[in-house]
Protein chains: 4
Amino acid sequence: MGSDSRSDGRRKRTFIEEARRAQIVSAAIGTVAEAGYAGASLSRIAQRAGISKGVISYHFSGKDELMERAVEQVYSDIAEFVLPRAAEAADERSSLRTHILAVGEYMRGHREQLLALAGIFSGTQTPEGTPRYRIRATESIYQGYSELLRAGQDRGVFRAFDTRVMAVSVQALIDGMFQYWVAYPDHDLEAHAAEVAELVDRATRADSPA
Amino acid sequence: MGSDSRSDGRRKRTFIEEARRAQIVSAAIGTVAEAGYAGASLSRIAQRAGISKGVISYHFSGKDELMERAVEQVYSDIAEFVLPRAAEAADERSSLRTHILAVGEYMRGHREQLLALAGIFSGTQTPEGTPRYRIRATESIYQGYSELLRAGQDRGVFRAFDTRVMAVSVQALIDGMFQYWVAYPDHDLEAHAAEVAELVDRATRADSPA
Amino acid sequence: MGSDSRSDGRRKRTFIEEARRAQIVSAAIGTVAEAGYAGASLSRIAQRAGISKGVISYHFSGKDELMERAVEQVYSDIAEFVLPRAAEAADERSSLRTHILAVGEYMRGHREQLLALAGIFSGTQTPEGTPRYRIRATESIYQGYSELLRAGQDRGVFRAFDTRVMAVSVQALIDGMFQYWVAYPDHDLEAHAAEVAELVDRATRADSPA
Amino acid sequence: MGSDSRSDGRRKRTFIEEARRAQIVSAAIGTVAEAGYAGASLSRIAQRAGISKGVISYHFSGKDELMERAVEQVYSDIAEFVLPRAAEAADERSSLRTHILAVGEYMRGHREQLLALAGIFSGTQTPEGTPRYRIRATESIYQGYSELLRAGQDRGVFRAFDTRVMAVSVQALIDGMFQYWVAYPDHDLEAHAAEVAELVDRATRADSPA
DNA sequence: GATGAATGAGCATTCATTCAT
DNA sequence: CATGAATGAATGCTCATTCAT
C-alpha cells in the first residue's frame, strides 16, 4: 500500500488490473443473471470468467465489493444510455417522459444486466440496514429525478407535489415494470413504458388548460 | 396419510398442530424481518420459537413451505385490514384512494410483517422462474386492482387505460413506498401515502372537467 | 411384566398383539424390498402398515428387533416350502439337488421377500461383529446342509470333503444365484438352479463309476 | 474446466492432488472396514485422514464418487495380485484353480480391503437398481471367468455348461468364502480355498477317464 | 393399546476465504 | 500476478426414539 495509496483510499491500478476487474465484474453480472444471487458463488463466477477462484479474492476485497462494482457498472451503463436522450428534450415534461421510455427501451436490450441488478439487490437485502452502496446508488437516481421535477415546478410545467415522493414513485413505477417483465417475459415492454409515461405525465403536469 | 387425507389435499389438522404451525410461522416472520432471508436459518427460527429444529421439519415439508405460509399469513392479514375499509367507499375512485391509504396505514403498524414479506420475496427470487407461490400471490393482487379499475372505467369514473398495467403500477407505487420507508424509517408514511393516492387519482380519473 | 414374563424371557402375547406384530413385520418386508434398507425408515414402514410410528416402537424394542423378526419370518417361510420337498427325496444326492431346485423355485415366486432379506443383511452388516441374529440364522442353514452331507458321506453317496466348507459353498451358490437375479431380473432362474444343482452334484458325489 | 478437460472427461491431475486422493481413498477403505458403510461418514473419514471434511468435497464430487474410487482401488489391487499368478498356469483347469487359491491368499493379507469392499457393496445396494459402477465392476469379473471357461471348453479341458452361470458361481463361492471368514475370523482360509478349488475342478472338468 | 408431537444428534454438502507456492 | 489446495462453519434435512395424553 504505502506509496500506492491515494487520498481517496483507492489504489492506483494498472491497465491490465483494470481489465481483469472488468472481466470479473462482467462474469459476475452474467452469472447472477443466469443463476440468481444465491447461485452465483465465487467459483461459478470464476469458472465463467475462465480464471481461478483466487483471482477474484485477489482483485476484490470480497464478494460484497464485487457485487457492488457490478451494480455500479449496470447503473452507469443505463445512465449512459438514458441521459443523452433525456437531455435533448424540449422541456421537463418531455424529459421525464423520455426518461421513462428510454429506460424501457434499454431494458429490452439488456435483460441480463437488469436481471443481475435485481438479483444483487434481492440477494444483499438485509433489513435494518439497507446496504450503504445500494442507498448511494438509488439516492443518486432520486436526486436526479428530484432536480428535474423541481425545475419543472419552478417553470410552471409541473403542479405542486413533494418532489422526493414523486421521484421515488417514478423509480418505483420503472422497477415495477421491470419486475413484471421478469415474471412475464413476453410482456410488451414498449406499451407498458408508454402507459407509465402517460400515467406520470397526468400525475405531474400542471392542471393546465383551466 | 391414507385415511387422513382430504379431497383438497390438505390433511386434517388438530388444534394444537395449527397452534404450533402458527407459532412457527410467526417466528419465521420475526426472524426474516430481523435477520433477512439469508440469515433466517431454520435453527435461528427454531431458537426464536423456543423449540427444536426438528419441530419445523415435522410440521412443514421444508423451508420453502414455511416461507410460503409466512407470505400467505402476511397477505391475508393485510387483506383483512384493507378490504373492509375499501368496501365502504362510495365509488371506485374513492375505493382506490382508500386502498392506498389503508395499506400505508397498515404498514406503519406492521413494519416487521412487511419486512419479512420483502425479505422472503427477495430471498427466494430466482431469475427465469419466479416462484409459483409468489406469482400466485401477486397475481391475486393484480386481479383485484384490475377488476376495480375496469369497473370504474365502465362506470365512467376512470379514463381509458390498460387496466393490467395500471394495476401493476399501483402495486409498484405501494412497494416503492414501502422500500423507501425501509431505507428511511423516519420517513412520513402517511404523507407519502396521501401523495401517492393523489398521484394515482390524477393518473386514472376521467378528464372530467373538460 | 412381572407375572407376564416367562422363563425364556418372552412375554406372553395376546392374539391381537401377535396380529399387529405380523402386520408390522409384513410391512417392513415390503418396504425394505421396495425402498432398500436405507429407505425403510420406521415412518415409511408405519405408513405402509397404515399405523402410527409409535406403534412400532410399542411392539418392538427398536428397528433392530423388527428387522430381526423380518429375517426370521422369511427364513421360516422358505424352510416351510423347501424342507417338505427335500424330505421326499430318495437319497442324500437327490435331496441336495431338490434343495437347490426348490429354493430357486421359491425365489421366483417370492422376489419381494428375498429382496427384503438381502436388503436387511446388507443394511445391518457391520464388520468385526456380524450381527448375532444373522449368524444364528445362517448357522442353522449350514448345520442343515452339514448333516445332510455327512449322512451322504456315511452312506457312501458323497465323496470325502469338509462338510462345513461344502455347506457354506452350497449356500453361497444359492446366494449368488439370487444376487445375480436381482441385478438381472430377466435371468432364467430355473435354468440357473438346474445348472447349480448339476455343479453341486458333480462336486460332491462319490467318484463311483471308477 | 474448459482448457483443463480432456477428451476422456477426466481432468488432468497434479501429483499432489493424486496423492491426496489416494490418501482419502485409503482412509475411506479403512473407515468402512472398521465402522461399516453406515458408520463411514465423511467426517469420520476426514478424521482418520487427519484432514478437514471440506477436503473430501474438494477432491471428490461426493460420497458416491469416493466410494466408487475405493471399490476400483480394491479391485485393481486384487487383480494385480491374482492375474500374474493365474497367467503362469499351464492350462485353463490349472488357471481356474490358481485364481481361486490366489484370491484366498490375497484375502488373508488384506482383510481390511475386503471388508471395505463388502461394506460398500452392502451399503450402496438399492433394490431394483444395482448401482451402475457395481454392475460394471462385477461384470468385468464375470467376463474374465467366462472367457477362461469358454477357452477351456473349446480346448476340451472343461465339460459343457453355461459359462455365464458357472462364472457367477465361481465368484459366488469366493464371496461366500469371504463372508464366512468375516463371520469366523479364525477360519482356515487356505484350507477353504483349496476345498473350493477342488469343488470347482470337479464341477467343471471334462469327464475324462471315460 | 395407540397416537402424534417433539427431540437432538447426525448427515452430506456448499461456500467465502486464506495462504503457500 | 495467479493458482489450487485447504479450511471450517453453516445449512437444510432425516430419523430412531421418547413420552404425555
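Naming: A, B, ... by sequence-line order, numbering from 1 per chain.
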Exercise for review: Please assess B/Asp64 against B/Thr124 for the test side-chain contact (heavy atoms from CB on, under 4.5 Å), listing each intermediate value before the final yes or no.
Suggested key: CA-CA 9 Å; B/Asp64 288 354; B/Thr124 58; 5.6 Å; no

Review point. What do the steps show when you test B/Ser52 against B/Val55 for side-chain contact (heavy atoms from CB on, under 4.5 Å), and what is the final call?
Key: CA-CA 6 Å; B/Ser52 140; B/Val55 186; 4.2 Å; yes

Check your understanding: Do D/Leu117 and D/Val71 pass the side-chain contact (heavy atoms from CB on, under 4.5 Å) test, and can you show the C-alpha distance, the side-chain angles, and the key distance before you say yes or no?
Key -> CA-CA 6 Å; D/Leu117 193 65; D/Val71 168; 4.0 Å; yes

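In this structure, D/Glu65 atom CD and E/dT13 atom P are separated by 11 Å, rounded to whole Å. The nearest whole Å value for the distance from the CZ atom in D/Phe15 to the C1' atom in F/dG4 is 16 Å. Spacing between atom CD of B/Gln47 and atom P of F/dA10 amounts to 12 Å, rounded to whole angstrom units. Computed from coordinates, the A/Ile56 CD1 to F/dC1 C1' distance equals 15 Å when rounded to whole Å.
Closest approach of A/Ile29 and A/Ala70 over heavy atoms only: CG1-CB, 3.9 Å. Of all heavy-atom pairs between D/Ile45 and D/Ala40, the closest is CD1-O, 3.9 Å. Between D/Ala49 and D/Ala27, the shortest heavy-atom distance links the atoms CB-CB, 3.7 Å. Contact between A/Phe60 and A/Val25 at its shortest, heavy atoms only, is CZ-CG2, 3.9 Å.
Look at A/His59 and you won't find any side-chain N or O under 4.0 angstrom from OP1 or OP2 of F/dC1.
Note that CD1 of C/Ile120 is 7.5 Å distant from CG of C/Leu66, once rounded to the nearest 0.5 Å.
In the set F/dA5, E/dT7, E/dA5, E/dT7 carries the atom at the smallest distance from any side-chain atom of B/Ser52.
A donor atom on one side chain and an acceptor atom on the other are not found under 3.5 Å apart for D/Arg44 and D/Gln47.
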Exercise for review: Spell out protein contact along nucleotides 12-21 of chain F as letters: B when the base is contacted, S when just the sugar-phosphate is, - when no protein heavy atom is under 4.0 Å; keep the 5' to 3' order.
Suggested key: SBBSBBB---

Review point. Given Watson-Crick or G-U pairs with both distances under 3.5 Å, what dot-bracket string fits DNA chain F, with | for other-strand pairs and [ ] for crossing?
Key: .||||||||||||||||||||

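Salt bridge D/Arg69/D/Glu72: present, at least one basic N to carboxylate O contact under 4.0 Å.
Of all the residues in residues 18-25 of chain D, D/Arg20 reach under 4.0 Å from DNA chain F with at least one non-hydrogen atom.
Using modelled atom types, no side-chain atom of B/Gln73 and backbone atom of B/Ser26 make a donor-acceptor pair closer than 3.5 Å.
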